[in-house]
Amino acid sequence: MIKLIALYKQPKDKEAFDEHYFNVHGPITEKIPGLQRMEVTKIVGTPMGKESDYYILCEMYYENHEALQNGMRSAEGKASGKDLMGFAGDLVTLMIGEEV
């Protein structure tokens, strides 16, 4: 199982971010071919009781690297990437992980 992981820093306007993320970006991303499931975690703090530098962690699961690459090349994948860069390009770090 391969995961595309998106880690978002704290946005200046959380309400506007949430509105776009959950009502626009998420629905676009969920349509990517090959995406088996998408898990979104809102970061609520650190073990030391402080606010985290990060706001949201999104894990998008694919069967394998090929399925991930095909999904990213699809019209839906390109639309998701374009939307991401438009509303959160300065906030997001993308990573690929493999479950062990």
Side-chain angles (χ1 to χ4, degrees):
M1 185 73 51
I2 297 296
K3 294 192 274 188
L4 176 60
I5 303 160
L7 183 59
Y8 296 85
K9 295 177 188 169
Q10 294 282 345
K12 289 179 182 156
D13 184 341
K14 291 179 184 178
E15 188 174 310
F17 180 94
D18 285 356
E19 174 68 27
H20 188 92
Y21 186 85
F22 291 106
N23 296 317
V24 178
H25 187 68
I28 292 170
T29 302
E30 288 173 340
K31 294 177 184 173
I32 295 174
L35 178 65
Q36 294 186 342
R37 80 178 186 272
M38 185 167 100
E39 295 178 353
V40 178
T41 303
K42 195 171 271 192
I43 310 299
V44 296
T46 71
M48 305 305 280
K50 297 181 180 183
E51 183 178 52
S52 174
D53 292 338
Y54 300 100
Y55 186 60
I56 283 183
L57 169 71
C58 179
E59 297 172 291
M60 295 153 280
Y61 292 81
Y62 293 85
E63 182 65 31
N64 52 42
H65 283 284
E66 183 180 4
L68 169 61
Q69 294 304 319
N70 289 339
M72 294 300 99
R73 288 186 200 112
S74 71
E76 296 87 349
K78 291 175 183 176
S80 176
K82 182 177 180 178
D83 182 67
L84 175 65
M85 290 301 112
F87 90 98
D90 60 337
L91 299 175
V92 71
T93 298
L94 297 171
M95 299 163 273
I96 296 174
E98 185 173 321
E99 289 192 332
V100 293

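Just so you know, these numbers use all the heavy atoms, side chains as well, and skip hydrogens, waters and symmetry mates.
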### Query
So does E66 have more than 12 non-hydrogen atoms from other groups sitting under 6.0 Å from CD?
no
### Task
Could you check E63, E39, E59 and say which one makes a salt bridge (Lys or Arg N to Asp or Glu O under 4.0 Å) with K3?
E59
### Query
With sequence neighbours left out, which residue pairs that include part of residues 89-100 fulfil the side chain to side chain donor-acceptor pair (under 3.5 Å) condition?
none
### Task
Answer yes or no: is there a side-chain heavy-atom contact under 4.5 Å between N70 and R73?
yes
### Message
Which Ile, Leu, Val, Met, Phe, Trp or Tyr residues join L4 in one cluster when any pair of side-chain heavy atoms under 4.5 Å counts as a link?
### Response
I2, Y8, F17, Y21, F22, I32, L35, M38, V40, Y55, I56, M60, Y62, L68, M72, L84, M85, F87, L91, V92, L94, I96
### Summary
Rounding to 0.5 Å, atoms CD (E19) and NE2 (H25) come to a distance of 14.5 Å
### Query
What residues join I5 in its hydrophobic cluster, counting side-chain heavy atom gaps under 4.5 Å, either direct or through other members?
L7, I43, Y54, L57, M95
## Note on the structure
The reported gap from NZ in K9 to CG in D53 (rounded to nearest 0.5 angstrom) is 8.5 Å
### Task
Could you check K31 against E76 for salt bridge (charged side-chain N to carboxylate O under 4.0 Å, His left out), going step by step and ending with a plain yes or no?
CA-CA 6 Å; K31 294 177 184 173; E76 296 87 349; over 6 Å; no
### Query
Does S80 use its side chain to pair, donor to acceptor, with the backbone of G77 at less than 3.5 Å?
no
### Message
Distance check, rounded to the nearest 0.5 Å: Y61 atom OH versus Q36 atom CD?
### Response
11.0 Å
### Query
Considering all heavy atoms of both residues, which atom of P27 and which atom of V24 are nearest to each other, and what is their separation?
CD-O, 3.3 Å
